[in-house]
Amino acid sequence: MTELTPNQSTAFEAAAFRRLLEHLRERSDVQNIDLMNLAGFCRNCLSNWYREAAEASGVTMSKDESREIVYGMPYDEWRARNQKEASAEQNAAFERSRPKE
């Protein structure tokens with residue numbers, strides 16, 4: 001395996017994350033519930049992880065701010081433009097995939 005410096009690793013991870021965000025912004029047809037059902041995370045999860053990382057570094061960030069970073073626009077605007085009502089099948093798949101407490 002190629003040895004990377006910590007700076008290289010961080011730079012490559014950041015580039016991959018930026019590309020993921022770009023891809024998700026281009027694929028607004030893919031609903032968050034689809035992502036949750038297939039991968040167990042969605043755009044909101046990414047925004048939460050981003051906010052948590054910022055706060056772990058001492059940077060205060062609101063949920064709205066982190067969502068705007070991930071969605072590329074205010075969350076309410078993205079929802080109005082792109083979010084569709086989840087189908088019964090999507091909701092059932094989501095309920096089946098949730099961890100049982």
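Counting from 1, the numbers follow the sequence of the chain as shown. Any value given below was found using the heavy atoms of this structure, including those in side chains, with hydrogens, waters and symmetry copies removed.
- Residues satisfying the side-chain hydrogen bond (donor to acceptor under 3.5 Å, both in side chains) criterion with D29, sequence neighbours excluded, are R27.
- T10 meets the side-chain hydrogen bond (donor to acceptor under 3.5 Å, both in side chains) test with no other residue; sequence neighbours excluded.
- For the pair S9 (side chain) and P6 (backbone), a donor-acceptor distance under 3.5 Å is absent.
- For D34, the side-chain hydrogen bond (donor to acceptor under 3.5 Å, both in side chains) test picks out Q90, with sequence neighbours left out.
- Residues F12 and L4 approach most closely at CE1-CD2, 3.7 Å, considering heavy atoms.
- Under a 4.0 Å N-O distance rule, the pair R19/E22 qualifies as a salt bridge.
- In plain terms, the two heavy atoms of K84 and Q31 that are nearest each other are N-OE1, 2.9 Å.
- Taking Ile, Leu, Val, Met, Phe, Trp and Tyr as hydrophobic and joining them when side-chain heavy atoms fall under 4.5 Å apart, one finds M36 in a cluster with I33, F94.
- Here L21 contributes atom CG and E26 contributes atom CD; the two are 11.0 Å apart, rounded to the nearest 0.5 Å.
- Closest of all the heavy-atom pairs between N91 and A86 is OD1-CB, 3.5 Å.
- Pairs engaging residues 49-59 under the side chain to side chain donor-acceptor pair (under 3.5 Å) rule: N48-R51 [sequence neighbours left out].
- Residues L38 and L20 do not share a hydrophobic cluster, clusters being chains of Ile/Leu/Val/Met/Phe/Trp/Tyr side chains in contact below 4.5 Å.
- Distance check: S28 OG to R43 CZ gives 7.0 Å after rounding to the nearest 0.5 Å.
- Taking CD of E68 as the start and CG of D64 as the end, the distance is 8.5 Å to the nearest 0.5 Å.
- The line from OG of S62 to CZ of R67 is 10.0 Å long, rounded to the nearest 0.5 Å.
- Of all the heavy atoms in M61 and A54, the pair that sits closest is CE-CB, 4.1 Å.
- None of Q83, E77, R79 except one satisfies the side chain to side chain contact (heavy atoms under 4.5 Å, CB included) rule with R81; the exception is E77.
- For F17, the ring pair (Phe, Tyr, Trp, His ring centres under 6.0 Å) test picks out no residue, with sequence neighbours left out.
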